[in-house]
There are 2 protein chains.
Amino acid sequence: MYEVYFRHLAKKMPLTADDQALIQRFLSVKKIRKKQYLLQEGDVCKVIAFVEKGALRSYTVDGEGKEHILQFALEGWFIADLYSFLTGEESSYNIEAIDDSELVLINQSAYKELLQRSPCYQTYMLDLITGAYIALQKRLNATVSLSPEERYQDLIALYPDIVQRVPQHMIASYMGLTPETLSRIRRRIAEN
Amino acid sequence: MYEVYFRHLAKKMPLTADDQALIQRFLSVKKIRKKQYLLQEGDVCKVIAFVEKGALRSYTVDGEGKEHILQFALEGWFIADLYSFLTGEESSYNIEAIDDSELVLINQSAYKELLQRSPCYQTYMLDLITGAYIALQKRLNATVSLSPEERYQDLIALYPDIVQRVPQHMIASYMGLTPETLSRIRRRIAEN
DNA sequence: AAAGACCATTGATTCAGATCAATGGTCTTT
DNA sequence: AAAGACCATTGATCTGAATCAATGGTCTTT
């Protein structure tokens, strides 16, 4: 159940069997089916989810009822509303399974305690969140300095599996475009 | 020299005099004048800078030679190209002082060693980067789900000092707008 | 104090992407 | 297998922001 998770963790740092045993006691596993919610707007985000298998997305709904996808999470990624998770405030995000998925979860109290108890886990989280922060900065930078064409090509190059496994209108939303516009961009790319 | 820095750090967690003494040995101080660079595109980012006083910005230059501001850092904030800092690769960002500024710096080797040696510092960094990540997510979300008007109003509400102290065309760039468009938005807001 | 550089504002025009609308295709459900 | 829902694509039109251009104001530099 925890294979992908600990492989991921071990890739970032040396991990003793003791470390692993300690950490594992604070985790739990959850299966979630396509279109089910892990978090709904208005609820408090109770867990950080690591994706063992499957795919999820987080999104918000704006004033006009339109969805805006903020993040995809495939195998080896994590997803949560960290703000809500850490403060206990209501979330304004939704997190939903795109496919049937298997998750490794950690809840708020376990997270706080595990950070205290396991230097190893703390190092891992610092690493993980730093990586997520850097990725987000890159994305923001791409958004302002590249054309939609270029951004789509980058997306294909960087995350080919996302483009394979996620419906096109979701990718459009993720990129801040309408489905029509993304369709036309794809045609333009194909023509050249 | 380190007042703001340690006040900031102590706000996030209990900090003993020993902790502080240890941490301080790994830091250094630098003054930088308006329009000077802390980092230039093509160089490796050698330090994480905490702003004691003054203001800095980071930006990229796109294919057409246009600048895109990614971040402002005022007193109490940090700024760096973390990707370049951590990997040692060349940066594609520029970091420049908007005003004469005083910085608290930590370099790569000091950062890595201090993380090993001071659990306190590690906790602080996890906290700091998590906060930065959450802020960036919020910004990304605002970008896709709010109108430029709303985003500008939010900016005024959230960071009034930025709007006071940073020239308007930089705020426009930060928001992904041209100076002309921001000027018109301000007029529309003033008219209502 | 004068000259030059930079900046915010305003107006006119252009353009990229959104919106509106229709169609055929695929996936789901019964 | 048929019906309905959902999706990608294409076309026509609209709209908000970019671009181009000009002006007066302020800050720098000498």
Side-chain angles (χ1 to χ4, degrees), chain A residues 33-36 54-55 57 59 61-69 72 96-100 142-156 162-192, chain B residues 33-36 54-55 57 59-69 72 94 96-100 142-156 162-192:
Chain A
R33 314 213 60 190
K34 187 171 177 169
K35 298 205 177 178
Q36 282 190 327
R57 65 180 179 131
Y59 65 93
V61 180
D62 70 16
E64 279 91 52
K66 206 175 305 177
E67 291 182 5
H68 299 277
I69 295 181
F72 294 113
E96 191 204 77
I98 298 176
D99 280 322
D100 294 356
T143 304
V144 294
S145 37
L146 301 180
S147 68
E149 259 99 332
E150 292 171 308
R151 285 193 291 138
Y152 185 70
Q153 310 244 42
D154 284 2
L155 193 69
I156 294 175
I162 286 187
V163 182
Q164 296 297 319
R165 291 175 42 192
V166 171
Q168 214 167 290
H169 68 280
M170 287 190 189
I171 295 187
S173 170
Y174 175 80
M175 294 181 65
L177 302 172
T178 60
E180 293 95 328
T181 298
L182 181 56
S183 174
R184 285 184 249 265
I185 284 170
R186 282 163 51 82
R187 181 163 49 141
R188 261 181 278 162
I189 290 172
E191 279 168 0
N192 302 329
Chain B
R33 314 214 60 190
K34 187 171 177 169
K35 299 207 176 175
Q36 281 190 327
R57 65 181 181 132
Y59 67 92
T60 56
V61 180
D62 71 15
E64 278 92 52
K66 206 176 305 178
E67 290 182 5
H68 299 277
I69 295 182
F72 293 114
N94 301 276
E96 192 203 76
I98 298 176
D99 280 323
D100 293 356
T143 304
V144 294
S145 37
L146 301 180
S147 68
E149 258 98 333
E150 292 171 308
R151 284 194 291 136
Y152 184 69
Q153 309 244 42
D154 284 3
L155 193 69
I156 293 175
I162 286 187
V163 182
Q164 296 296 320
R165 292 175 41 191
V166 171
Q168 214 167 288
H169 68 279
M170 288 190 189
I171 295 184
S173 169
Y174 175 81
M175 293 181 66
L177 303 173
T178 60
E180 293 95 328
T181 298
L182 181 55
S183 174
R184 284 184 249 267
I185 284 169
R186 282 164 49 84
R187 180 164 50 142
R188 262 181 277 160
I189 289 171
E191 277 169 1
N192 301 329

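From a predicted model like this one, the values you see are computed outputs, not experimental measurements. Below, read A as the first sequence line, B as the second, and so on, with proteins coming before strands; counting in each chain starts at 1.
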Partners meeting side-chain contact (heavy atoms from CB on, under 4.5 Å) with B/Asp62 (sequence neighbours left out): A/Ser145, B/Glu64, B/Lys66, B/His68

message: From CG of A/Leu146 over to C1' of C/dA16, roughly how many Å is that when rounded to an integer?
response: 16 Å

All salt bridge (Lys or Arg N to Asp or Glu O under 4.0 Å) counterparts of B/Arg165, not counting sequence neighbours: B/Glu75

- line: side-chain hydrogen bond (donor to acceptor under 3.5 Å, both in side chains) filter on A/Arg151, not counting sequence neighbours, yields none

- prompt: With sequence neighbours excluded, what pairs up with A/Asp100 under the salt bridge (Lys or Arg N to Asp or Glu O under 4.0 Å) test?
  reply: A/Arg33

query: Under the side-chain contact (heavy atoms from CB on, under 4.5 Å) test, which residues partner B/Ser173, sequence neighbours left out?
result: B/Ile69

message: Quick one, A/Tyr174 and A/Val166 - any side-chain contact, counting heavy atoms below 4.5 Å?
response: no

message: List the residues meeting side-chain hydrogen bond (donor to acceptor under 3.5 Å, both in side chains) with B/Gln168, not counting sequence neighbours, and say none if there are none.
response: B/Arg186

- request: Give me the first and last nucleotide of DNA chain D, going 5' to 3', that has any atom under 4.0 Å from a heavy atom of chain A.
  value: D/dC7 to D/dA12

- request: May I have the distance from B/Glu180 (atom CD) to C/dC15 (atom P), rounded to whole angstrom?
  value: 16 Å

query: Which of residues 168-178 of chain B sit near DNA chain C, with a heavy atom under 4.0 Å from it?
result: B/Gln168, B/His169

- line: Note: for A/Glu149 and B/Pro167 on DNA chain C, the residue whose nearest nucleotide lies more 5' is B/Pro167

Donor-acceptor pairs are to be reported for all side-chain atoms of residues 177-185 of chain B against protein atoms at under 3.5 Å, with residues two or more places apart or in another chain.
unit_1   : atom_1 : unit_2   : atom_2 : d
B/Thr178 : OG1    : B/Thr181 : N      : 3.3
B/Thr178 : OG1    : B/Thr181 : OG1    : 3.0

- request: Please list residues of residues 182-189 of chain B whose heavy atoms come under 4.0 Å from any atom in DNA chain C, ordered by number; otherwise none.
  value: B/Ser183, B/Arg184, B/Arg186, B/Arg187

Which residues share a side-chain hydrogen bond (donor to acceptor under 3.5 Å, both in side chains) with B/Glu150, sequence neighbours left out: B/Ser147

- request: Have a look at B/Lys66 and say if it touches a base, only the backbone sugar-phosphate, or nothing, with a 4.0 Å heavy-atom cut-off.
  value: sugar-phosphate

- request: Can you run through DNA chain D from 5' to 3' and write each base as (, ), [, ], | or . depending on how it pairs? Watson-Crick or G-U wobble, both distances under 3.5 Å.
  value: ||||||||||||||||||||||||||||||

query: Of the non-hydrogen atoms in B/Val163 and B/Ile171, which two are nearest, and what is the gap between them?
result: CA-CD1, 3.7 Å

